[in-house]
Amino acid sequence: GFGEFLFYDWRRGSDGQPNRDFVLNQPRYQGASILVAGRNFGCGSSREHAPWALGDHGFRALIAPSFADIFANNCVKNGLLTVVLPENVVNEIIRNAEQQPGYQLTVDLESCTVSDKAGLTVKFEIDAFSRRCLLEGLDDIGLTLQHEKAIAEYEKSHAARVTV
């Protein structure tokens with residue numbers, strides 16, 4: 001339920017009504033699953049509330065020249081891909097989205113590319129562990145449950161050795 005509060009003070013005026021000038025309130029960006037932002041996106045967000053709000057709003061990938069470290073880690077743990085691209089490429093994507101009605105951008109985690117139909121194709125880097133977690137939909141609990149059999153065997157053998 002955090003999605004309705006995403007960028008709340010920018011999305012809503014002091015009267016609580018939608019701010020029509022805010023980019024995410026514009027009809028052309030409704031339903032977008034990729035958020036393109038400026039450098040150091042997520043700075044000041046050390047809790048998981050921001051990734052929860054972004055995910056609840058419908059975003060699946062975030063593109064920026066840089067991200068705050070804690071924020072980026074929380075995003076991956078909550079199933080959001082953070083893609084770091086050079087600032088000039090990020091600015092090109094923003095320009096294209098503003099100038100081309102119906103602009104579509106594709107983020108492909110399998111090939112680690114960002115592309116559009118106008119010819120933009122750029123590779124991005126992601127560490128192998130984060131990539132695997134995102135591709136397989138694994139959070140910390142999911143990773144732990146992959147070892148459920150070994151954990152159960154340990155607990156069973158450990159309990160047998162413990163005497164009170």
Side-chain angles (χ1 to χ4, degrees), residues 1-139 142:
F2 282 84
E4 69 180 281
F5 302 105
L6 178 68
F7 305 122
Y8 188 85
D9 290 341
W10 291 336
R11 288 177 54 206
R12 304 238 177 246
S14 59
D15 61 357
Q17 296 301 309
N19 172 2
R20 295 176 195 229
D21 294 329
F22 184 64
V23 67
L24 293 182
N25 290 341
Q26 296 174 12
R28 69 187 304 167
Y29 299 116
Q30 297 304 301
S33 60
I34 302 168
L35 178 69
V36 184
R39 73 178 93 104
N40 204 24
F41 186 76
C43 178
S45 172
S46 63
R47 296 191 174 172
E48 291 182 324
H49 296 93
W52 290 345
L54 289 160
D56 284 351
H57 188 75
F59 292 113
R60 297 294 167 252
L62 314 173
I63 298 173
S66 61
F67 293 93
D69 289 340
I70 294 172
F71 171 79
N73 287 329
N74 284 336
C75 282
V76 170
K77 289 176 183 257
N78 285 281
L80 290 172
L81 171 63
T82 55
V83 176
V84 175
L85 294 178
E87 193 161 12
N88 66 315
V89 175
V90 171
N91 290 336
E92 178 183 349
I93 292 168
I94 292 170
R95 267 192 313 278
N96 289 343
E98 291 173 342
Q99 295 172 359
Q100 299 175 28
Y103 179 74
Q104 292 187 353
L105 189 66
T106 300
V107 177
D108 186 330
L109 182 54
E110 293 207 10
S111 66
C112 295
T113 58
V114 173
S115 60
D116 67 15
K117 293 180 181 180
L120 172 77
T121 299
V122 61
K123 298 281 278 177
F124 64 88
E125 293 184 12
I126 182 171
D127 67 274
F129 178 75
S130 295
R131 183 174 178 265
R132 176 178 160 244
C133 288
L134 290 167
L135 285 171
E136 296 179 20
L138 297 171
D139 60 9

Subject >> Residue Gln104 excluded, over 12 heavy atoms near CD under 6.0 Å >> reply: no

**OP:** Kindly write out the residues that satisfy salt bridge (Lys or Arg N to Asp or Glu O under 4.0 Å) with Lys117, not counting sequence neighbours, or none if the list is empty.
**Re:** none

Subject >> salt bridge (Lys or Arg N to Asp or Glu O under 4.0 Å) involving Glu136 - partner list, sequence neighbours excluded >> reply: Arg132

Original post:
Does the side chain of Thr113 pick up a donor-acceptor pair with the side chain of Ser111 at under 3.5 Å?
Top reply: yes

Subject >> By salt bridge (Lys or Arg N to Asp or Glu O under 4.0 Å) - contacts of Glu87 (at least two apart) >> reply: Arg39

**OP:** Return the orientation label for the Phe67 and Phe41 ring planes: parallel under 30°, perpendicular over 60°, tilted otherwise.
**Re:** perpendicular

Original post:
Mind checking whether Val83 and Leu62 have side chains closer than 4.5 Å, heavy atoms only?
Top reply: no

**OP:** First locate atom CG of Leu105, then atom OG of Ser115, and finally report the distance between them rounded to the nearest 0.5 Å.
**Re:** 7.0 Å

**OP:** Among Ile63, Val90, Thr121, Thr106, find the one that has a side-chain contact (heavy atoms from CB on, under 4.5 Å) with Val114.
**Re:** Ile63

Original post:
From Trp10 CH2 over to Asn19 CG, what is the distance, rounded to the nearest 0.5 angstrom?
Top reply: 11.5 Å

**OP:** Give, for atom CD1 of Ile70 and atom SG of Cys43, the distance between the pair rounded to the nearest 0.5 Å.
**Re:** 10.0 Å

Original post:
Is Arg28 reaching over with its side chain to a backbone N or O of Val23, donor-acceptor style, under 3.5 angstrom?
Top reply: no

Original post:
Within a strict 4.5 Å, meaning less than it, do heavy atoms of the Lys77 and Cys133 side chains meet?
Top reply: no

**OP:** Please check if atom CG in Asp56 has more than 12 non-hydrogen atoms from other residues, nucleotides or ligands closer than 6.0 Å.
**Re:** yes

Original post:
Above 12 or not: heavy atoms from other molecules or residues under 6.0 Å from CD of Glu125?
Top reply: no

Original post:
Do you know the tightest heavy-atom contact between Ala37 and Pro65?
Top reply: O-CD, 3.4 Å

Subject >> Minimum side-chain heavy-atom gap Leu85-Ile93 below 4.5 Å >> reply: yes

